[in-house]
Amino acid sequence: MADSQHQATGVAPEKLAEAVSRAVGAAPVWDLHTHLFPPEFGTPMGRGVTPDPHGLMLWGVDELVTYHYLIAEVLREAPEVTPEAFYARSRSEQADLIWQKLFVDATPVSEACRGVVTTLTKLGLDPNEKSLAGHRRWFAEQTPAGQVDRVLELAGVDTVTMTNDVFDENERGRWLAEGGVARDPRFPAVLRFDPLVVDWPAAAPRLRDWGYAVDAQASAGSIDAVRRFLGEWIGRMKPVYCAMSLPPEWRYPADGPGNRVLAEAIVPACSEHGLPLALMIGVTRGVNPALRQAGDGIGVTHVDSLAALCRDFPQQRIMATLLARENQHALAVAARKFSNLTPFGCWWFINTPSLIEETTRMRLELLGPTFVPQHSDARVLEQLLYKWDHSRAVLAKVLTDKYQDLAAAGWRVTPAAIERDANRLLRGNVATLLEQ
Ligand code: RAT
Ligand code: ZN
């Protein structure tokens with residue numbers, strides 16, 4: 001049938017699932033939040049490179065299997081292993097333990113486990129192997145740059161937004177090194193600075209060490225110094241947005257140096273440089289400190305505070321993702337009130353198929369296609385393969401249902417409309433948000 005006839009007739013309801021899944025599968029992704037780095041930031045392994053033990057680009061089977069989501073799971077499956085004993089092992093010994101306990105002795109049904117299975121399969125490796133030895137050999141033969149190309153291609157991702165923590169000494173040193181870091185345009189930067197707002201007493205002495213005259217109260221002179229600090233890092237990193245993660249206790253407006261820095265230095269710096277501000281709210285760090293990166297917990301966000309910030313700064317583009325399931329509805333409602341607020345992603349503990357489905361369905365019903373349904377939060381390059389595969393499947397399912405409802409109501413859902421929606425939900429809305 002000619003295209004124009006398709007447009008006139010729309011897709012038959014029984015063909016919608018297939019058409020949507022094709023469009024969602026083909027649409028390229030701009031991943032709005034990851035912890036990934038290209039090889040230019042150093043990498044501990046790979047053919048043809050000098051291994052950098054503190055390199056920031058993580059990839060390979062040992063990193064995949066020791067993802068912190070899986071560390072939390074193995075310590076439940078094997079409670080006889082204390083966190084201290086677990087972390088005393090080498091990376092590959094940790095991976096061997098996780099493989100044995102979660103993939104050999106048990107069925108890997110959790111989302112993080114299934115992710116490893118999907119990832120290995122997509123790379124042409126057999127996830128049913130009893131040992132990781134063969135997979136390790138395969139990864140050791142790959143070059144980091146070649147693996148980046150392969151994974152982006154297979155995952156259908158063209159842009160991978162980094163998270164560049166200005167308080168991380170290792171990363172900071174790389175940016176400040178003679179000549180800086182060579183940039184890969186597929187990996188835009190994000191200036192991240194949680195301690196400025198969350199822990200001013202810890203941030204202030206660091207800033208002073210770096211030559212910025214700030215005091216404990218974040219008085220007027222300090223605000224100027226923070227503005228200068230942010231301006232210099234924005235100049236150095238050329239970020240596409242600024243970001244921070246906040247605890248459930250965060251309140252705005254409220255007294256205190258953190259909020260003063262937010263309202264008087266961070267938002268003005270973002271607005272001066274035309275950058276959106278991303279808030280990731282609801283994490284309680286170190287609920288079980290022995291678990292290290294796997295030990296963070298969750299709390300309910302005070303959405304009125306987020307709304308107040310959007311109201312006070314109507315010109316500031318604000319992106320928000322909230323960790324608690326209980327907050328997803330209020331976030332969608334807040335976004336209906338403030339067009340400068342864009343909900344994004346199904347973050348961390350919400351990044352499971354059942355909660356992605358519930359959240360995405362609700363957002364579509366309340367906001368139409370004016371949000372960013374997902375980000376990967378990948379820390380290990382190859383995780384892009386499963387995170388996007390799993391999320392695309394849920395997005396396609398929800399979109400199909402919505403189109404079926406629309407068709408039943410009398411609307412012609414055309415192939416062009418399906419393609420347009422898939423493209424904007426996976427990439428276009430991010431591009432508009434970051435490039436306007
Ligand atoms: O999802 C995660 O891996 C978390 O550890 C955090 O990175 C969180 O996404 C964050 O950016 O703070
Ligand atoms: Zn993250």
Side-chain angles (χ1 to χ4, degrees), residues 29-37 41 56-59 63-75 83 87 98 110-113 115-116 119 157 160-168 170-171 187-199 203 239-250 276-299 301 319-325 327-328 343-352 355-356 359 372 374-384 386-388 390-391 430:
V29 164
W30 180 330
D31 197 335
L32 186 53
H33 170 62
T34 78
H35 298 267
L36 299 179
F37 294 86
F41 286 78
L56 296 172
M57 176 194 166
L58 301 183
W59 62 291
E63 294 294 343
L64 279 171
V65 171
T66 56
Y67 187 28
H68 69 89
Y69 294 26
L70 290 167
I71 293 176
E73 292 175 29
V74 79
L75 294 174
Y87 283 111
I98 292 178
S110 77
E111 175 60 9
C113 282
V116 175
T119 302
V157 173
V160 179
T161 318
M162 298 187 283
T163 297
N164 305 95
D165 181 356
V166 74
F167 284 92
D168 180 285
N170 176 0
E171 180 169 352
F187 289 75
V190 165
L191 180 57
R192 172 102 173 231
F193 39 60
D194 302 1
L196 287 182
V197 174
V198 174
D199 196 358
V240 285
Y241 64 86
C242 292
M244 61 193 160
S245 144
L246 299 167
E249 296 76 29
W250 176 69
L277 177 64
L279 302 178
M280 311 175 63
I281 322 175
V283 54
T284 305
R285 301 282 176 197
V287 167
N288 186 349
L291 266 59
R292 303 188 190 174
Q293 201 177 49
D296 296 342
I298 194 171
T301 292
M319 303 144 53
T321 196
L322 307 184
L323 200 49
R325 179 191 191 188
N327 281 137
Q328 303 309 321
F344 76 98
C346 296
W347 181 26
W348 199 345
F349 307 119
I350 295 284
N351 193 351
T352 65
L355 296 179
I356 300 169
T359 306
V372 177
Q374 191 55 307
H375 65 266
S376 75
D377 233 311
R379 288 179 174 269
V380 182
L381 175 69
E382 294 83 5
Q383 288 170 339
L384 290 173
Y386 93 80
K387 299 239 188 192
W388 285 106
H390 294 188
S391 289
V430 176

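First listed ligand is number 1; within each ligand, the first listed atom is number 1.
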Using modelled atom types and a 3.5 Å cut-off, is there a donor and acceptor pairing between side-chain atoms of [X] and backbone atoms of [Y]?
| X | Y | answer |
| --- | --- | --- |
| T321 | M280 | no |
| T301 | I281 | yes |
| T161 | D31 | yes |

* Could you tell me whether ligand 1 has any atom less than 4.0 Å away from a heavy atom of D377? =>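 D377: in contact with ligand 1 (<4.0 Å).
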* Are any of the N/O atoms in Y67 less than 3.5 Å from those in ligand 1? -> no
* Sub-3.5 Å N/O-N/O distance, Q293 and ligand 1 ->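 By distance alone, the answer is no.
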* Asked: So, are D194 and R192 salt-bridged, with charged N and O less than 4.0 Å apart?
  -> yes
Within the 4.0 Å heavy-atom shell around [X], which atoms of ligand 1 are there?
| X | answer |
| --- | --- |
| H33 | 9 (O), 11 (O) |
| R192 | 10 (C), 11 (O), 12 (O) |
| R285 | 12 (O) |

* Do you know the tightest heavy-atom contact between L323 and G297? ->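 That would be CD2-O, 4.0 Å.
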* Least distance between heavy atoms, Q374 atom then S391 atom -> NE2-OG, 3.1 Å
* **cation_pi(R292, Y87) dist<6.0 Å, angle<=45** => yes
* Atom nearest to the Zn ion (ligand 2) - D377, N, O or S atoms considered ->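 Output for this pair reads OD1.
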* Output, in order, the C-alpha distance, side-chain angles, deciding distance and verdict of side chain to side chain contact (heavy atoms under 4.5 Å, CB included) for V197 and M244. => CA-CA 8 Å; V197 174; M244 61 193 160; 3.5 Å; yes
Residue and atom name of the nearest protein heavy atom (relative to [atom]), distance in Å to one decimal:
| atom | answer |
| --- | --- |
| atom 2 (C) of ligand 1 | H68 NE2, 3.5 Å |
| atom 7 (O) of ligand 1 | R379 NH2, 2.4 Å |
| atom 1 (O) of ligand 1 | Y69 OH, 2.9 Å |

* Which option out of F349, W347, W348 puts a heavy atom nearest to atom 4 (C) of ligand 1? -> W348
